[in-house]
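The structure under discussion appears below in the form of structure tokens.
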12 protein chains.
Amino acid sequence: MKLAIINGPNLNLLGKREKDIYGNLSFEDFSAELKKKYPSLEIICYQSNVEGELITKLQELGFSTDGIILNAGGYTHTSVAIADAVAAITTPVIEVHISNIFAREDFRHVSILGKNCIGSISGFGLQSYELAIEAFMRKV
Amino acid sequence: MKLAIINGPNLNLLGKREKDIYGNLSFEDFSAELKKKYPSLEIICYQSNVEGELITKLQELGFSTDGIILNAGGYTHTSVAIADAVAAITTPVIEVHISNIFAREDFRHVSILGKNCIGSISGFGLQSYELAIEAFMRKV
Amino acid sequence: MKLAIINGPNLNLLGKREKDIYGNLSFEDFSAELKKKYPSLEIICYQSNVEGELITKLQELGFSTDGIILNAGGYTHTSVAIADAVAAITTPVIEVHISNIFAREDFRHVSILGKNCIGSISGFGLQSYELAIEAFMRKV
Amino acid sequence: MKLAIINGPNLNLLGKREKDIYGNLSFEDFSAELKKKYPSLEIICYQSNVEGELITKLQELGFSTDGIILNAGGYTHTSVAIADAVAAITTPVIEVHISNIFAREDFRHVSILGKNCIGSISGFGLQSYELAIEAFMRKV
Amino acid sequence: MKLAIINGPNLNLLGKREKDIYGNLSFEDFSAELKKKYPSLEIICYQSNVEGELITKLQELGFSTDGIILNAGGYTHTSVAIADAVAAITTPVIEVHISNIFAREDFRHVSILGKNCIGSISGFGLQSYELAIEAFMRKV
Amino acid sequence: MKLAIINGPNLNLLGKREKDIYGNLSFEDFSAELKKKYPSLEIICYQSNVEGELITKLQELGFSTDGIILNAGGYTHTSVAIADAVAAITTPVIEVHISNIFAREDFRHVSILGKNCIGSISGFGLQSYELAIEAFMRKV
Amino acid sequence: MKLAIINGPNLNLLGKREKDIYGNLSFEDFSAELKKKYPSLEIICYQSNVEGELITKLQELGFSTDGIILNAGGYTHTSVAIADAVAAITTPVIEVHISNIFAREDFRHVSILGKNCIGSISGFGLQSYELAIEAFMRKV
Amino acid sequence: MKLAIINGPNLNLLGKREKDIYGNLSFEDFSAELKKKYPSLEIICYQSNVEGELITKLQELGFSTDGIILNAGGYTHTSVAIADAVAAITTPVIEVHISNIFAREDFRHVSILGKNCIGSISGFGLQSYELAIEAFMRKV
Amino acid sequence: MKLAIINGPNLNLLGKREKDIYGNLSFEDFSAELKKKYPSLEIICYQSNVEGELITKLQELGFSTDGIILNAGGYTHTSVAIADAVAAITTPVIEVHISNIFAREDFRHVSILGKNCIGSISGFGLQSYELAIEAFMRKV
Amino acid sequence: MKLAIINGPNLNLLGKREKDIYGNLSFEDFSAELKKKYPSLEIICYQSNVEGELITKLQELGFSTDGIILNAGGYTHTSVAIADAVAAITTPVIEVHISNIFAREDFRHVSILGKNCIGSISGFGLQSYELAIEAFMRKV
Amino acid sequence: MKLAIINGPNLNLLGKREKDIYGNLSFEDFSAELKKKYPSLEIICYQSNVEGELITKLQELGFSTDGIILNAGGYTHTSVAIADAVAAITTPVIEVHISNIFAREDFRHVSILGKNCIGSISGFGLQSYELAIEAFMRKV
Amino acid sequence: MKLAIINGPNLNLLGKREKDIYGNLSFEDFSAELKKKYPSLEIICYQSNVEGELITKLQELGFSTDGIILNAGGYTHTSVAIADAVAAITTPVIEVHISNIFAREDFRHVSILGKNCIGSISGFGLQSYELAIEAFMRKV
């Protein structure tokens, strides 16, 4: 089973900023742990701050992997183009968020791309990614 | 570890209505399976169609259990009173939905109680409940 | 033919309050008249002020009766949960209102449950119920 | 007793378009049936696609008939001028719709002229007209 | 000096309906009085309930008269097409209303055609028309 | 003089939750104090988390008491049905809130039932109830 | 007959600013002309930039004059307090504007005080005041 | 191939008004040119200022022609009834506008009838009509 | 204990206008009564129609008195500047209204300054002021 | 004559996804056909998923080509920056869409960049591009 | 060069309230420093809590000074009348704010008078005034 | 002291487009002048049309420079992702705009990133940048 984790803008700062909130684990370290924990899975990780590069990567991976875990960061609330990309590909996508988007500012309550994903998990810190893997493994 | 699953209006019809969408597993059968799968957990299940009874149950269980999994059904989008109850109790609450609320009608995109929950999982069918249990077990 | 009339909050006050507007006929008296007028029909009447009890009753009667006449009173404009119940059952539902909801305050112009009903009759006083019975008898 | 049925834009296509939805009964045939079914009533039928002609007809018939059954079609949701005409005449008006307006697009949920009518019946196909006749006969 | 008075829907009922509010002077009588009072003016009066006929008349008179007094009735608040006609002609137009539109329902506070008129007079009963004539005579 | 205090959802938790904000006086203790302080008054206290039970109690007490003090909690902002009940009864109702609703979230600034109450007192902690009693005693 | 003209903020600049639009006639000169033209009338003129002083003047003149012509300038669109003052006095008030408020920015289309005036005249330059005098003289 | 061009309100003024913007070609002249340019096509032209007459014409031509080119002018933004007519007929309709509706006032950005047309062309002056003909000829 | 009552626009008309609603007690007479009733209190009364003078008075009294009772009249719903003044001073402020603001027009339901006051009392006529004094005396 | 076609996000998937809707012609093949069909034209094609790269390309080509055909895909509805680029360049731009944007979701009805284009063509499949070429060739 | 600083409501409290946020420098002291720092400039300072007095001062200084620095405080967000005054005068006006208005409550994000100023500076504490002086000195 | 100037989309066209508005100074020339004028400062300049590259640059420079001057161009009004980047870095950011954003279209009045900046300067042409440098030098 081949899964991809695609991270959007500012998620490259994980473990480097606001450590009191997010902990001091970088995503690189976290993904290494994930791969160790789920040895039977092939897990591809990608991050970009550029909206269009996220689209390109979704297109690249969206016909050949078994599942994509997408944290589009700030683009979640504004990007019709990423939502269109999610709709265009055949791989199922799960939307994840580290923090609970309903507990933040009003403009973060709306997910433009949510309607094209199969499900959504938010609020569990880095565990949100792990729960998404569990979801794919249960063959949702 | 002691967890409660609280289900709101119309969820008692699971397995009886719209079987082509939701499958023919009733929540009673599903919860029996859950208990078997997680023998180390004490799992309490409760369902009511009455908004105020859900509040009363949240108050009853909200100071003594380790986690509450709440699917408030149609009250998710309208009930300030349930949101207040979630805020008033000390047990952490995870909001779950069987279907992906962002893929349904506009008025279902807003969760009034989401801001008082620690996290939200939606779109994975009955697996949403199981992922919430996993989340509590990872000591979020 | 078996029909049910389900009345929501404050409709138990009919004939007791604001008699100059609504007349001094209670719903009990009116339903007795109805049964006399339509002897071939089995007519079940139910009233509750509790949103969740209305849902429970809709579920109870919604698979075995031939038609439900629903006056959800103030819940008409706020209850996603009752609307979900109407969608979940198989018996067709007609929405009725004693007064013309378009001639009252703005927030009463919107019916959340209307979209799941087969039709709507409002403004004819207690005759609204009788017209709904006529509608069911014509096998709409 | 003298009643008028006034039909607005596109209702002249009944029985000619979308027969799978509306049946293949034209309004001419239907009104002939109505007249046969209610021989004691004088029933006048009128149709126009022109908003102003509907107003003129309402004025013409609105002081001499006992009731008007108005299906203003698409003008229901936009015409202040027809609403003013309904308010200006002395004959009571019942608003009817063939389909359930609450089950269609959002902009059809609002009836500008509803507030000046005595009641509203929608969703019962051509039976909506017949129920309106019944309502007038019961001396609402 | 040649002026035109163009009246929209339902204004043909003046003096016939709601006499307690509007008096029992018909517009025909009123315009006869006007012509007597202003013998040096040529005054053309026109009324139609049909939006498009009002447009046609505005086009007809809008290049040859010295001023048009327009009471578009209920179309005031909804007609982009009449507003376009007012913009297209070269004769200046004054908008009049018998009642004070700001003292009525909210949807009457907005005049779509007001922005293309040179001025607006409302609330003075039939005197609104006379004040508009005064305004044209002062060569505004 | 006979007064009723009707408390809505979550107010049974007073003195048990968030003591730093609300103090550690339960409503039971507070009402005992009230009764001692105003020995000439008959004071009935009632609490329910269920919207419909609050309506039923308003109907029960709303024709025989001299005043009702209503803290509808979270239902204040959502319940058309309670507002209808307040309108239907003959006993005057004063709306009270422990905290100042204008100093909280936006959705708490609107009181749906306020328009049917004679007055409103908010922000004075449990003293809000006592001020409402004073208001009734002054024969507002 | 005793009339008052009350001018709000920035109207003291008439004839001094934007002369290409408003002409070079100051309000002082214009009011002198008015008095000469209508010798039988007692005309009082007042201007203030201060909202509260306009209210005080409305109160002072609002029980003893036969008519008030009010151009509240920028306060037209924002002042609930001036609207309340107009409602509180017994002298009838006509709202005037030099320019056509419907032809300016959107926020100028709304008149908060219009609903308490008997009529409104806008768009005729300084002639708007004169037309208002004519309106009062016709004993509207 | 048989095509119809249906023009709405004020389009009869083309070539007569605002020549600096629209040129001095009348629609009659333009349509003569069109017919010469496309000799193999049968082209029917119709114009009316009356909303209902446009509906009637759409119904007349909407079952027998191969394509309709509709410029509904000001009705584009307000007419549910024309939109319903477009939906009811079987001939495909292309919406055209002479000016670019997105470059004009906000209320012109919305096309109520657009959703029932197969396509939309705006901003190319009279060429918009010609491009629509091209579109039909390519057998869209 | 030193309290101030600050009244905004039009409240100087109390007892002079609309006596059937507000009674014929002027605020001067009422305040004399208040001072007699509460001899131990020092009560300062101030009224102005000028928004800025109310601000100046709030600043003057807002650091030396024990409580301010503020009825800002029409400025309640529009004045950010008064709200800022209430926030800037150290004396606690109670907002009062003679009528129930929730039972009046929609634009009166919003209090801009409410969020900076400790509490709000409305609907009890002149008793609203007396209840506010009671509130301060209970050392809210 | 030198024209550019600039395609935005996801348009590189044409002919590869949802072939039942869009056909199985890729944009590469289509542009080859276009070049063959219009041998006298120089046609440059560019696609990018990156918003900023589309801006850079518009700047590059926007001073030297004779026309730009822009399908900005999902950025159409969200990109102020692309709209600014269209406004900054001197080459005229025609907006095209493959599907009819008025027949899709509400958020697709608004084109942020439309106001800076000379015209708009939507709903004709790949023919939309060809019609835009025709429009440029007619020297709009 | 002659500059004026005009301060609106509550700015007279600077250095007296909330010193932890704004420092303990009063505006009098600050302006003395400014004059010392810019000896070549004539700097006039004015403060009023009264909206209309600010307008009067803008009119007084708005034709004879070289620049006005305006901090309208709470009136920034509500005053059409001050905005009109800024538009009417010939001296250029720079809008300043001590705090960053975009980082405060939503209703402070809108500046009604901003559109009539040449520029805006906010968020730099009392330095905002100094930067505005710099801007005028650079002959913006 | 080390400062960075980050320019967003279309700002590379400065001095090349609309020279009558913006002058013919390119940003390269302007920054050269700046460096000469402030020899003690280290000034880094960066421009990109790509939203994500601006984020990457903010992250790169946002922990090591003493101040960032950000003109995000059209992304100012739409980019949650840039706002998040500004919040994540530790260097203080000043938002600048060449034109006065309050004097342009409505959608430009809102700055999504403003709330995370320390201050905002707009409307002073290229001097806006210089004023921002002054602000940083005064150690705001």
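So you know, we letter chains A, B, ... as the sequences are listed, proteins then strands, and number each from 1.
- A 4.5 Å side-chain heavy-atom check between G/Leu11 and G/Ile98 finds at least one atom pair inside the cut-off.
- To the nearest 0.5 Å, atom CG of residue G/Leu131 and atom CD1 of residue G/Ile121 are 5.5 Å apart.
- Once rounded to the nearest 0.5 Å, the distance linking CG of G/Leu34 with CG of G/Leu41 reads 9.0 Å.
- A 4.5 Å side-chain heavy-atom check between G/Ile118 and G/Ile94 finds at least one atom pair inside the cut-off.
- Separation of atoms CD1 (G/Ile5) and CD1 (G/Ile44) is listed at 10.0 Å; rounding is to 0.5 Å.
- Counting only heavy atoms from C-beta outward, the side chains of G/Ile68 and G/Leu3 never approach each other to under 4.5 Å.
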Cross-chain donor-acceptor list, chain K and chain G, 3.5 Å limit, no angles:
from, atom 1, to, atom 2, distance (Å)
K/Thr56, OG1, G/Asn49, ND2, 2.8
K/Gln59, OE1, G/Asn12, ND2, 2.6
K/Gln59, NE2, G/Asn10, OD1, 3.0
K/Gln59, NE2, G/Asn12, OD1, 3.1
K/Ala81, O, G/Asn10, ND2, 3.0
K/Asp84, OD1, G/Arg108, NH1, 3.4
K/Asp84, OD1, G/Arg108, NH2, 2.7
K/Asp84, OD2, G/Arg108, NH1, 3.2

